[in-house]
Number of protein chains: 2
Amino acid sequence: MPRNPILSASRIRTAALHIIDRDGLDGLSMRKLAAELGVQAASLYGHVSTKDDLLHEVAAGILEKVDVSGFESGDWRQGLLSCARSYRAALAEHPNIVPFLAYGPAHREASLRRLDVVHGGLVSAGWSRREATMIAASLLYLVFGAALTSFSSGFSEDQAFYRDRYPNLDKAHLLTSVARELDHDSFELALNAFVTGLAARVPG
Amino acid sequence: MPRNPILSASRIRTAALHIIDRDGLDGLSMRKLAAELGVQAASLYGHVSTKDDLLHEVAAGILEKVDVSGFESGDWRQGLLSCARSYRAALAEHPNIVPFLAYGPAHREASLRRLDVVHGGLVSAGWSRREATMIAASLLYLVFGAALTSFSSGFSEDQAFYRDRYPNLDKAHLLTSVARELDHDSFELALNAFVTGLAARVPG
DNA sequence: ACCTGAACACCGTTCAAGT
DNA sequence: ACCTGAACACCGTTCAAGT
């Protein structure tokens, strides 16, 4: 009956990310994913080798939005700032998957490779190779740290809590919007202080 | 036959942390934990309400080693540096549990409360309350980012890989020791640059 | 070629029952 | 008071079988 395939790797990835965004990382199971696609769990394994692999692919799609083009300007400070901001923005769009990225060698493979551009930009700006490596690592610290220890994270529960208790005054919306602003400003503070501090010890 | 209890909450916590250190976060199951304690899985629930709860308790024990006494000196720079270093050291001793801390509101409850001391120290040094909050958050970014995106993490597999392939030349040991040094130096670079950058915009 | 049904070896957690 | 056995409702993954 099914003329052409119901499933495809990309359809699976999209549905998986949707579930993660909605139900959290623990909320994704192969069975639920299959059900949402109108299919049996076993069918997924014709298009995806493993759940872990699927998550890596989903993560890779998100990390594609990281923009390292800022280093083409020749200004390493501008490069660092724009890369870090786009990186954080990409993660902030799908906060629930960030813990997975932190898990295994996920970030090393995809994003450290991308950070090779950063490395190159830094070296051609006069930093030593070792310094460049450490600066790139520091950038990851800030980006992943900000994505993970976000004030907004964990507010999904609080949001429900407040909504149930005080259905009229929409405190929840206030909380999240304040938290998001605080997250943003804290990241900007950390990033700017870091780059300023770096600039204090370099030629360029 | 068992005169007095075989199990206790603290014995369970110790065994759990040991398994996590050895087998990773995914390697901990209530059944394995019970077996290692010479007991049935169900027995654990007399002393521990839930696996998640157990992990929170284990985490709390680790975070007790964070030292915020550096703020008593009155020098906020010294306070930040010593707090960040002890924080990172505490996490680095048990890297496998860090992803859990990043998960839920785990870090907010225990460690943000501890960071109240940081907040107080910063405010009495002349920073505004909002700035103090953002600086404390930035500190967490660096500490958790460093603990998570560590170069050493994921080397456990590589280590096995190298050991199996080249059993004689112990490349693995070299890799991990280099990675550890790079982790340490990168964190110091990030931390010092951050504090230097902060100092560039403040009275004290 | 693509999907299904049923099974395997696991989970966390509960609860009546044993001592 | 403390632990056990058995069960419940889940997992990820495999594989012969159907179309």
Side-chain angles (χ1 to χ4, degrees), chain A residues 1-60 96-97 99-101 103-106 157, chain B residues 1-60 96-97 99-101 103-106 157:
Chain A
M1 220 52 98
R3 257 275 164 271
N4 35 18
I6 308 174
L7 257 33
S8 76
S10 102
R11 240 171 73 72
I12 293 175
R13 282 197 298 268
T14 304
L17 182 54
H18 182 250
I19 293 177
I20 291 170
D21 286 341
R22 192 192 56 204
D23 303 338
L25 198 51
D26 286 337
L28 176 72
S29 78
M30 297 303 270
R31 286 171 153 93
K32 189 199 278 187
L33 174 56
E36 213 127 318
L37 288 162
V39 107
Q40 222 62 25
S43 312
L44 298 171
Y45 290 86
H47 302 83
V48 153
S49 66
T50 200
K51 185 187 178 181
D52 199 69
D53 218 71
L54 170 59
L55 283 170
H56 274 90
E57 286 166 20
V58 171
N96 290 344
I97 208 185
F100 170 77
L101 293 173
Y103 235 106
E157 308 127 42
Chain B
M1 222 53 100
R3 257 277 164 268
N4 35 19
I6 307 175
L7 256 33
S8 76
S10 103
R11 240 171 76 71
I12 294 174
R13 283 197 298 268
T14 305
L17 182 54
H18 182 249
I19 293 177
I20 291 170
D21 286 342
R22 191 191 57 203
D23 303 337
L25 199 52
D26 286 338
L28 176 72
S29 79
M30 295 304 269
R31 285 171 153 92
K32 189 200 277 188
L33 175 56
E36 213 126 319
L37 287 163
V39 108
Q40 222 61 27
S43 313
L44 298 171
Y45 291 86
H47 303 83
V48 153
S49 67
T50 200
K51 184 188 180 182
D52 199 69
D53 218 71
L54 170 58
L55 283 169
H56 274 90
E57 287 166 20
V58 171
N96 290 343
I97 208 185
F100 169 77
L101 293 174
Y103 235 106
E157 307 125 43

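Heavy atoms only: backbone and side chains are in, while hydrogens, waters and symmetry mates are out. First the proteins, then the strands, lettered A, B, ... as listed; each starts at 1. These numbers were taken from a predicted model, which means no experiment stands behind them.
In this structure, A:Leu55 CG and A:Leu17 CG are separated by 10.0 Å, a value rounded to the nearest 0.5 Å. Atom CE of residue B:Met30 and atom CG of residue B:Leu54 lie 6.0 Å apart, to the nearest 0.5 angstrom. With rounding to the nearest 0.5 Å, the separation of CD in B:Glu57 from OG in B:Ser10 is 10.5 Å. Here the OG-CG distance, from B:Ser49 to B:Leu44, works out to 12.0 Å after rounding to the nearest 0.5 Å. One finds the CG atom of A:Leu37 at 5.5 Å from the CG atom of A:Leu7 (value rounded to the nearest 0.5 Å). Taking CG of B:Asp23 as the start and CG of B:Leu25 as the end, the distance is 11.0 Å to the nearest 0.5 Å.
For the segment residues 30-44 of chain A, the set of residues with a heavy atom within less than 4.0 Å of an atom of DNA chain D comprises A:Met30, A:Arg31, A:Ala42, in numerical order. Contacts with DNA chain D (heavy atom under 4.0 Å) in residues 10-23 of chain A: none are found.
Checking side-chain atoms of B:Thr50 against main-chain N and O of B:Asp53 turns up no donor-acceptor pair under 3.5 Å. Panel note: side chain B:Lys32, backbone B:Gly27; a donor-acceptor pair is recorded below 3.5 Å.
Counting any heavy atom pair closer than 4.0 Å across all strands shown, B:Leu54 reaches no nucleic acid atom.
The separation between B:Tyr45 atom OH and C:dA17 atom C1' is 19 Å, rounded to whole Å. Counting to the nearest Å, the C1' atom of D:dT13 and the CG atom of A:Asp53 are 14 Å from each other. The distance from atom NE2 of B:His47 to atom C1' of D:dC2 is 7 Å, rounded to the nearest whole Å. The CG atom of A:Leu28 sits 11 Å away from the P atom of D:dT13 (whole-angstrom rounding).
Looking at heavy atoms from C-beta onward, B:Leu28 lies out of side-chain contact with B:Phe100 at the 4.5 angstrom threshold.
Side-chain nitrogen and oxygen atoms of B:Thr50 include none within less than 4.0 Å of the OP1 or OP2 phosphate oxygen of C:dG12.
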Test log, rule side-chain contact (heavy atoms from CB on, under 4.5 Å), inputs B:His56 and B:Asp52: CA-CA 6 Å; B:His56 274 90; B:Asp52 199 69; 3.2 Å; yes
Does the pair A:Arg22 and A:Glu36 meet the rule for a salt bridge (Lys or Arg N to Asp or Glu O under 4.0 Å), with working shown? CA-CA 13 Å; A:Arg22 192 192 56 204; A:Glu36 213 127 318; 2.9 Å; yes
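Where DNA chain D pairs in unbroken runs of 3 or more (Watson-Crick or G-U, both distances under 3.5 Å), the stems are C:4-8 with D:12-16, C:12-16 with D:4-8.
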